[in-house]
Amino acid sequence: MTSRRIIRTLPLAALAAASALVLAGCTPAAESPEASGDPVTGGTLVYASGDGEPSCLDPHVGGNYPQALIAGQFLESLVSLDDSGEVIPWLATEWTASDDGLTWDFTLRDDVSFTDGTPLNAEAVKVNVEHLKDPDTQSSTGYLALGKVDSVEVVSDTVARFHLSAPDSALLESLTQPWNAIESPAGIARGMEENCLAPIGTGPFIVDEWVPQDHVSLVRNDDYDTGPADRAHDGAAYLDGIEWRFIPDSASRYAALQAGEVDIIDNAQPDTLDQAAKSGTLVEIDAPRPGASNRIELNSGQAPFDDVRVREAFIRAADVNDGIDALFFGTAERSFSVLSSVEPLAYSDETLFATDLDEANALLDEAGWTERDADGIRSKDGVPLTVRFPVSTNQSIPAEQSLFEQIQATAKEAGFDVQLEPLDLSGWYGALFTHEYEAVSAPYTKVGPDVLRILYHSDSITPAPSGYFANLAQLDDPELDALLTEAASESDPDARAALYEQAQQIILGGFYALPLYDQQNHFLHSPKLQGVRAMPTVSTPTFADAWLAD
Amino acid sequence: MLWAVATLTFFAVHLVPGDPAQAILGGPGSQASQEALDQVRADYGLDRPLAVQYLAMLGRLASGDLGDSYALKTPVADLIAGQLLGTLTLALLALVVAWVLAIGLALWSTSAGRIGRAIAAGIELTAAALPHFWLATVLIAVFSTSLGWLPPVANDQPSGLVLPVLTLAVPLAGFLAQLMREQMLDALEQPFTTSALARGETAAGIRLRHALRHAALPAVNLSGWAIGYLISGAVVVETIFARPGLGRTLLRATELRDVPVVIGVVLVVALVYVAMTVLTDLVSRAIDPRIALEERA
Amino acid sequence: MSDLELSNRAVRGRALPRPPRAGTVAALAFVAFLAVATVAPWLLQTADPLAIAPREAFEPPSAAHWFGTDESGRDVYSRVIEGTATSLLIGVSATAIGLALGLLLGGLAGLGGRVLDFVVGRVNEVLFAFPGILLALLIIVLWGPGPVTATIAVGLSTAPGYARIIRGELVTVRSSGYVEAARVLGHGRARVLARHILPNALAPMVVLATLGIGQAVVWASALSYLGLGAQPPAPEWGAMLSAGRTYITTAWWLTVFPGLMIVLTTITTTVLGRALAARDGARR
């Protein structure tokens, strides 16, 4: 998939604001195989997910990627993005912002009902926003996205007015997210337990049954006629339904696809992608997630990485290019930016990341790490050059964990003692909370150029009450803070791009992070499955226009 | 018995560092506020003294209430009830298949010559040494990916059960066959064998009628252990073959530190174990009336 | 948690005949190989087990790399050799933990009088109700995953089996003729215990330990597969096996060779345990 420019056509006023979350658009690379024949109605699609089974199907609760994957099949949002990244109508047909950017009016379609018969109206939107903001809902992602929305006023049946505490240029992108989708107020009123089992939306499918640890059955919504403005066809979906299975073991998942037991799998592993490409019997969808790239953050808040020379030495010593080629079988391209390649404002500088062992050694000598023990590990004043690297086994695929092992091996040549610690999620958060790390890789799914502010503004060093903080590099630079704040309120697109470029130069030039590649998001499906595409919002696949050919 | 299991688990779990309230709100990564944490503590009674919590748990257990899952917020009893049948079906089928394989192997090897016995011994030893997840991998590669005969993941059809059941049954059959073969050889040397031969019974008939019965006893006694072994194995097998069941429930609960679910599953498995022990006891008595006699004497 | 009944019978030297001589010899040869691999792995290795060479990743077995190369281009054969020490350490430690606890429980029950026997018997029954991996998962929930926790978990879950066998042995030996004779001769309680009961009851421990190690390696590898035991890059067999499983469709050698080592080790320890038991039984 190639990156492309996203043309933002936001009202100027809206841009003049710091934003919580910006979602960048992303084109699916569905190379539909000889999009042959006419769509066929009927059949049940079997989807096999390798992501963890959600605890709750309502993406308002918590709000993670596995929830987004499935929720996109039965819930819809107010607006969407098209392939060029422009905001397009979905449940809302049009929207206007006041001059001060504090009041937004959304006009809703007047002909839509939820699948329980409840009409979609301004009251429903109000209930959804209140549901997201209610602490009892325990929303995280959706809640943060609406951080600046104070309340929703019902102007008329079809007009909902959002009142903001501050201008928010990211409001529209936030509303495209599956985590902010619109559910039936009657469904929400049933209470969390029932709503988690089967949220009610306006989407192409309806949750029929959830058999925990096994599958979720979705059936076609026969009355469906909405969809985002760029949808391929009108009316109900072609498929009778979807059986959404959870197959955690990647080898089993691929074997199931090969055997025809399932029609599409997510989290396809690099070697199987390579094999599928060579055999030509399966089709791949490569839809990297927008926003931040996968990168290793170096903790500049404590020794030894509080010294820029040591950070640069580590980055110069860590040789990753051959490893990425071999481990990912050419399915992942090396990145030299902290932003995803689909981000138009991503700034790359390859020269900063050239491997140079001599240079690394010289830098470490200069920084005073001159003593070396029998294994070649450097130390300074008796303190060994140790890099603790907690690895979340839930978030890093095996290939990535192998890559970290290779970094461990190459960094050792310069005298670093990299200690990889594979941890489950609770242990991993624990290590971050207590600052027991020098290096860490943390994918961040809330995205857009403003993601830079979340990841690198010094405010993000202060932990939330839960203990999590996003600025894992612990980058504390007043100049960068000022740039990021200014960029978030800059209304002129060119000036804004320039500010973000300066900010990224500081981050890259200070050797705070070692970029690896985009957040990988590969799907494999049988050629029988046609008309599937990944949403340009958060790269989740949609089956509203998909069919199973004979 | 179950009380002891519950008590042990309860106190063990409360030694864990980490805040259950945090676990309930989605782990340390969630953005839970202090108010939310306090609210949860009050809701789940986590702010009460340990002794009170313990008594409350016993009270609930006595009425069959296993509490609510931290992660899913649903009653643990319902969650387990939905998963129990799948795992029991898998374990019992595997037990039956292991028995059939073991009996077949034992019958064949005792009638075969020295070489046959050596081969059988080799098969048994190898089978018993196979790690479940490795065997599953090989079975999928052969029967599913290469030959295309059987589905690699569980489905609604009986064919989806074949590979998971085989994965569990083969190592167990290795254990059982070793035991039964030696027992049968033992039995065939007994005086009753000679007298039966004198009565004109065929060697095969003796093997089936007398020796097998003799050999079955220790293996039957093992069934309680075998069910435990199979449920252990189910954790791996259910993960690989994507079968719903207690094993996967337990593994997921472990990863999420979902304490009530872990306790619930352990309790239910203990219950199954006890039931199985009672059952095997009855079966042993039926096979060998001497046990009952010995006890009376 | 494994072949308890088999172990029990082996200890009593009953019914399980001596394995064929050829088998015992082969097993001893393999043990010698394992011993060298543990103590002096470099004698057997053809390459540095940790040296990465990404450009040579996923090479099938060849003259240069007997077992092929892994995802980072490391020599699988040398890694398997290197992993022997770790894997056996896990197996041996787990067995030692199980035996020690089994000795304690079994000793209390077998020597401590009726009340203690009853109490330990019930405790043992409770422990029995936690089958292998379930107990391991419970322990992991408590103390977090890792090789140490996995070893302890496997060890603990084998303890009740050992306890039961040890108690049985103690009771048998205590009521046997020579112990009665020693008592009649007026030897003191402690002396009878030290000179007669313990040596005779504990002799079979060697057999139990031998049989246990192989099974402990298998269970520890299962925990590694579930991501709860030893983790890569440590070249531990179970960890190598679970890492290799990811690439089963493209690189079979990553899965086959470490698996083969586990299976061979388990078979070897079983054969040796049996041979020991048979000799033991013949001597009695």
Side-chain angles (χ1 to χ4, degrees), chain B residues 1-2 4-5 8-9 12-13 15-16 118 121-122 125-126 128-134 137-138 140-141 145 171 175 178-179 182-183 185-186 218-219 221-222 224-225 227-236 239 247 250-251 253-255 257 259 262-263 265-266 269-271 273-274 277, chain C residues 1-6 9 14-17 19-20 22-23 122-123 125-145 157 161 214-215 217-219 221-222 225-228 238 241-242 245 248-249 252 255-256 258-259 262-267 270-271:
Chain B
M1 170 80 193
L2 289 177
V5 173
L8 206 70
T9 327
V13 161
L15 293 175
V16 201
L125 276 174
T126 312
L130 291 172
H132 287 128
F133 66 100
W134 194 55
T137 307
V138 174
I140 290 178
T145 308
F175 286 127
Q178 288 179 52
L179 200 59
E182 308 306 346
Q183 285 283 341
L185 289 174
D186 229 20
N221 283 334
L222 263 184
W225 163 78
I227 281 289
Y229 170 89
L230 290 171
I231 292 179
S232 274
V235 177
V236 170
T239 304
L250 181 64
L251 185 63
T254 306
E255 282 164 358
R257 304 283 191 276
V259 172
V262 175
I263 295 184
V265 173
V266 169
V269 173
L271 191 69
Y273 171 80
V274 171
T277 315
Chain C
M1 76 176 108
S2 59
D3 45 351
L4 180 71
E5 185 68 16
L6 284 176
R9 301 177 64 78
R14 264 184 56 203
L16 299 182
R122 297 291 83 73
V123 169
E125 264 175 35
V126 169
L127 287 178
F128 251 116
F130 292 90
I133 289 196
L134 265 68
L135 186 66
L137 289 182
L138 192 62
I139 292 171
I140 284 160
V141 169
L142 302 186
W143 292 309
S157 57
Q215 282 300 316
V217 170
V218 171
W219 284 108
S221 75
Y225 162 72
L226 294 172
L228 302 168
L241 194 48
S242 51
R245 233 190 77 77
I248 181 71
T249 46
W252 54 269
T255 320
V256 165
I262 293 179
V263 172
L264 281 179
T265 304
T266 312
I267 293 177
T270 312
V271 168

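Side-chain atoms are counted along with the backbone in the values below, which use heavy atoms only and exclude waters and symmetry mates. Note on naming: letters A, B, ... go to the chains in the order of the sequence lines (proteins, then strands), and numbering restarts at 1 for each one. Just so it is clear, the structure is predicted and the values come from calculations on it, not from any experiment.
- With chain B as the partner, the residue from C/Ile262, C/Val256, C/Val217, C/Thr265 showing the most heavy-atom pairs under 4.5 Å is C/Val256.
- Residues B/Pro131 and C/Val218 approach most closely at CA-CG1, 3.9 Å, considering heavy atoms.
- The two residues C/Val263 and B/Trp134 make their nearest non-hydrogen contact at CG2-CZ3, 3.7 Å.
- Atom CD1 in C/Ile267 sits 8.0 Å away from atom CG in B/Leu130 (nearest 0.5 Å).
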